[in-house]
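Here the structure is laid out as structure tokens; the discussion comes afterwards.
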Amino acid sequence: MENRTEQQEAILADIIQKAEPFVQQQLEHDHSGHDWWHIDRVRKLSLVIAAKEGADSFVCELAALLHDVADEKLNDSKQAGLDKVEHWLRLHVSDSGVITHVMTIIATMSYNGGQNPPMNTLEGQVVQDADRLDALGAIGIARTFMYAGSKGSMMHHPEKDFSQHAYRATGKSAIYHFYEKLLKLKDLMNTAYAKELAAVRHQWMEMYLEQFYREWNVDDK
């Protein structure tokens with residue numbers, strides 16, 4: 001982790017303070033589970049994991065704050081979202097190395113059906129882990145159904161096979177998303193501390209699914 005002077009730390013804190021209202025404004029109308037509170041949880045998780053793993057906390061926090069501003073689900077295209085974030089960074093960050101680092105993290109951190117390359121920096125691994133942790137456990141379950149509802153998708157469709165559908169295809173059920181993504185995330189964590197947290201959250205999801213199927217099949221024994 002880089003050592004910085006008090007003056008440098010004050011400059012970085014000012015950047016973070018400016019990023020917060022920008023992100024809140026960009027995501028204030030989101031109802032898909034990618035709202036400000038998701039961002040705030042990912043930011044907090046990133047800082048906790050960064051401290052445990054010795055990563056640069058500023059880069060982690062800034063990337064965590066900005067990551068969903070660029071999400072292709074919330075923009076006309078992935079590139080449009082990335083351009084929006086890069087424009088903001090160039091207005092507020094003078095260090096080109098930080099800009100490049102943050103943009104690289106944001107461009108490659110999404111799950112994308114498991115097709116994106118692995119993160120090549122510790123900071124990228126930290127932020128990716130934090131974002132994936134927020135897709136697990138009780139919060140992850142709530143966000144899954146929130147996203148499905150926002151897209152008009154069904155809760156569950158036991159007679160339909162979605163396995164041949166593309167990852168970004170619409171119309172898949174909320175329950176199917178557990179199998180195409182959420183239950184795979186535990187084994188995709190990068191850092192040791194995130195793996196510990198993921199194991200607990202993964203177990204909660206498995207317990208939830210067991211109870212869900214009992215109730216769905218009216219088999220409350």
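Below, each value reflects all heavy atoms present in this structure, side chains not excepted, and no hydrogens, waters or symmetry copies. The shown structure was predicted, so the numbers you read here are calculated from the model rather than taken from an experiment.
- At least one side-chain heavy atom of Val98 sits under 4.5 Å from a side-chain heavy atom of Phe58.
- The local environment of CH2 in Trp36 is crowded, with over 12 non-hydrogen atoms from other residues, nucleotides or ligands closer than 6.0 Å.
- Using a 4.5 Å heavy-atom threshold, the side chains of Asp56 and Arg4 count as touching.
- Between the CD atom of Gln128 and the CG atom of Leu185 there is a distance of 9.5 Å, given to the nearest 0.5 Å.
- If you chain together hydrophobic residues whose side chains sit under 4.5 Å apart, Trp88 and Ile11 fall into the same group.
- Within the 4.5 Å cutoff, the side chain of Thr191 has no heavy atoms near those of the Lys52 side chain.
- Here Lys181 contributes atom NZ and Lys184 contributes atom NZ; the two are 11.0 Å apart, rounded to the nearest 0.5 Å.
- Shown are Val127, Val102, Ile106; of these, the side-chain contact (heavy atoms from CB on, under 4.5 Å) with Leu62 is made only by Val102.
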Checklist entry - Asp35 and His38: side-chain contact (heavy atoms from CB on, under 4.5 Å), yes or no, with the steps? => result CA-CA 5 Å; Asp35 55 14; His38 161 66; 3.7 Å; yes
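- The cluster map of Ile, Leu, Val, Met, Phe, Trp and Tyr, joined by side-chain heavy atoms under 4.5 Å apart, puts Leu188 and Leu182 in the same cluster.
- Remark: Glu215 pairs with Gln211 by the side chain to side chain donor-acceptor pair (under 3.5 Å) rule, at least two apart or across chains.
- Remark: Asp40 pairs with Arg43, Lys44 by the side chain to side chain donor-acceptor pair (under 3.5 Å) rule, at least two apart or across chains.
- Linking Ile, Leu, Val, Met, Phe, Trp and Tyr whenever their side-chain heavy atoms come within less than 4.5 Å leaves Tyr147 and Met154 in two separate clusters.
- Under the 3.5 Å distance criterion, the side-chain polar atoms of Glu53 are matched with a main-chain donor or acceptor of Tyr193.
- The side-chain heavy atoms of Leu197 and Val48, taken from C-beta on, include no pair separated by under 4.5 Å.
- More than 12 heavy atoms of other shown residues, nucleotides or ligands fall within 6.0 angstrom of atom CD in Glu20.
- Leu45 is connected to Val126 through a chain of hydrophobic side-chain contacts under 4.5 Å among Ile, Leu, Val, Met, Phe, Trp and Tyr, so both are in one cluster.
- In this structure, the ring of Phe212 has its center less than 6.0 angstrom from the ring center of His156.
- In this structure the side chain of Phe22 never reaches within 4.5 angstrom of the side chain of Leu27, judged on heavy atoms.
- Between Phe178 and Tyr208, the ring planes lie parallel to each other; the angle is under 30°, not in the 30° to 60° tilted range.
- Panel note: side chain His87, backbone Lys84; no donor-acceptor pair is recorded below 3.5 Å.
- No more than 12 heavy atoms of other residues, nucleotides or ligands lie within 6.0 Å of CH2 in Trp37, so this atom counts as exposed by the packing criterion.
- Between the side chains of Gln125 and Asp129, not a single donor N or O lies within less than 3.5 Å of an accepting N or O.
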Next on the checklist: Between Met205 and Leu136, does the side-chain contact (heavy atoms from CB on, under 4.5 Å) criterion hold? Intermediate values first, please.
Outcome noted: CA-CA 7 Å; Met205 291 197 307; Leu136 296 176; 3.2 Å; yes
Item to check | Intermediate values then yes/no, side-chain contact (heavy atoms from CB on, under 4.5 Å), Met119 and Ile105 | outcome: CA-CA 7 Å; Met119 284 291 184; Ile105 292 171; 4.1 Å; yes
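- Closest non-hydrogen pair, Lys18 versus Asp14, comes out as NZ-OD2, 2.5 Å.
- Looking at heavy atoms from C-beta onward, Leu209 lies in side-chain contact with Leu183 at the 4.5 angstrom threshold.
- Taking each heavy atom of Ser57 and Ala50 in turn, the nearest pair found is CA-CB, 4.4 Å.
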Checklist entry - What do the steps show when you test Met155 against Phe145 for side-chain contact (heavy atoms from CB on, under 4.5 Å), and what is the final call? => result CA-CA 7 Å; Met155 177 169 61; Phe145 288 101; 3.5 Å; yes
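- Taking a 6.0 Å sphere around CD of Gln7, one finds it holds 12 or fewer heavy atoms contributed by other residues, nucleotides or ligands.
- When every heavy atom of Leu89 is checked against every heavy atom of Ile99, the shortest pair comes out as O-CD1, 3.9 Å.
- Atoms OG1 and CE, from Thr144 and Met146 in turn, are 11.5 Å apart once rounded to the nearest 0.5 Å.
- Side-chain atoms of Lys172 and His157, non-hydrogen and from C-beta on, never get closer than 4.5 Å to each other.
- The structure places OG of Ser96 at 13.5 Å from CE of Met103, a figure rounded to the nearest 0.5 Å.
- The side-chain heavy atoms of Leu133 and Ile49, taken from C-beta on, include a pair separated by under 4.5 Å.
- Met109 is connected to Ile39 through a chain of hydrophobic side-chain contacts under 4.5 Å among Ile, Leu, Val, Met, Phe, Trp and Tyr, so both are in one cluster.
- With rounding to the nearest 0.5 angstrom, the OG atom of Ser46 is 8.5 Å from the CD atom of Glu61.
- The two residues Lys186 and Ala199 come nearest to each other via the heavy atoms CD-CA, 3.9 Å.
- For the atom pair Tyr176 OH and Lys160 NZ, the distance stands at 12.0 Å (nearest 0.5 Å).
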